Amino acid sequence: TENIAPCVLSALYDANVPTLSVDIGTLSDPEIKGFVSGDVQQRIEASVKEIFDSYRPIILEAIPRFFDSTVREIFNGWLKRYTNQDSDSICPTRLAPTGESYLDFR
């Protein structure tokens, strides 16, 4: 079952995502965790919140472009890799019967 998508894609000649449109409504503040000292944790959280509040409109504007360029290119590269592979190397093959127990319909 893990080979279903690659196997189907290998049967295609070409696959491409021409545009990838993403609409971001709101963006939550990032969570910063894992610091040993609570005081350091609070200072870093305050700094990140201040930076995030200042740049939130720019980030919201940039995310759709990031998805339409970088993420789309990565996805198209993944599609191209699987559409250019030989299906015999990806798809499981049915084993031929052993011995002479099959019929020749020629």
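For this chain, numbers begin at 1 and follow the sequence in order. Since we're looking at a predicted model, the values are computed, not measured.
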(request) Quick one: pull up CZ in Arg65 and CG in Leu20 and give me the separation to the nearest 0.5 Å. (result) 14.5 Å

(message) Could you work out, with side-chain contact (heavy atoms from CB on, under 4.5 Å) as the rule, every residue matching Asp53, not counting sequence neighbours?
(response) Asp29, Lys49, Arg56

(request) Would you please name every residue forming a side chain to side chain donor-acceptor pair (under 3.5 Å) with Glu50, sequence neighbours left out? (result) none

(request) Check whether any side-chain heavy atom of Val22 lies under 4.5 Å from a side-chain heavy atom of Val71, and answer yes or no. (result) no

(request) Return yes if some donor-acceptor pair links the side-chain N/O of Asp68 with the main-chain N/O of Thr19 below 3.5 Å, else return no. (result) no

(request) Report the distance from atom CD1 of Ile63 to atom CG of Asp23, rounding to the nearest 0.5 Å. (result) 11.0 Å

(request) Would you give the length of the straight line joining atom CZ of Phe52 to atom CD1 of Ile32, rounded to the nearest 0.5 angstrom? (result) 10.0 Å

(message) If hydrophobic clusters are built from ILVMFWY residues whose side chains come within less than 4.5 Å, do Val48 and Ile58 share one?
(response) no

(request) With sequence neighbours excluded, tell me which residues meet side chain to side chain donor-acceptor pair (under 3.5 Å) with Gln42. (result) none

(message) Can you give me the closest heavy-atom contact between Lys33 and Gln41, atom names plus distance?
(response) CA-NE2, 3.5 Å

(request) Following the transitive rule for hydrophobic clusters with a side-chain heavy-atom cut-off under 4.5 Å over Ile, Leu, Val, Met, Phe, Trp and Tyr, establish whether Ile74 and Trp78 coincide in one cluster. (result) no

(request) Answer yes or no: is there a side-chain heavy-atom contact under 4.5 Å between Leu79 and Asn16? (result) no

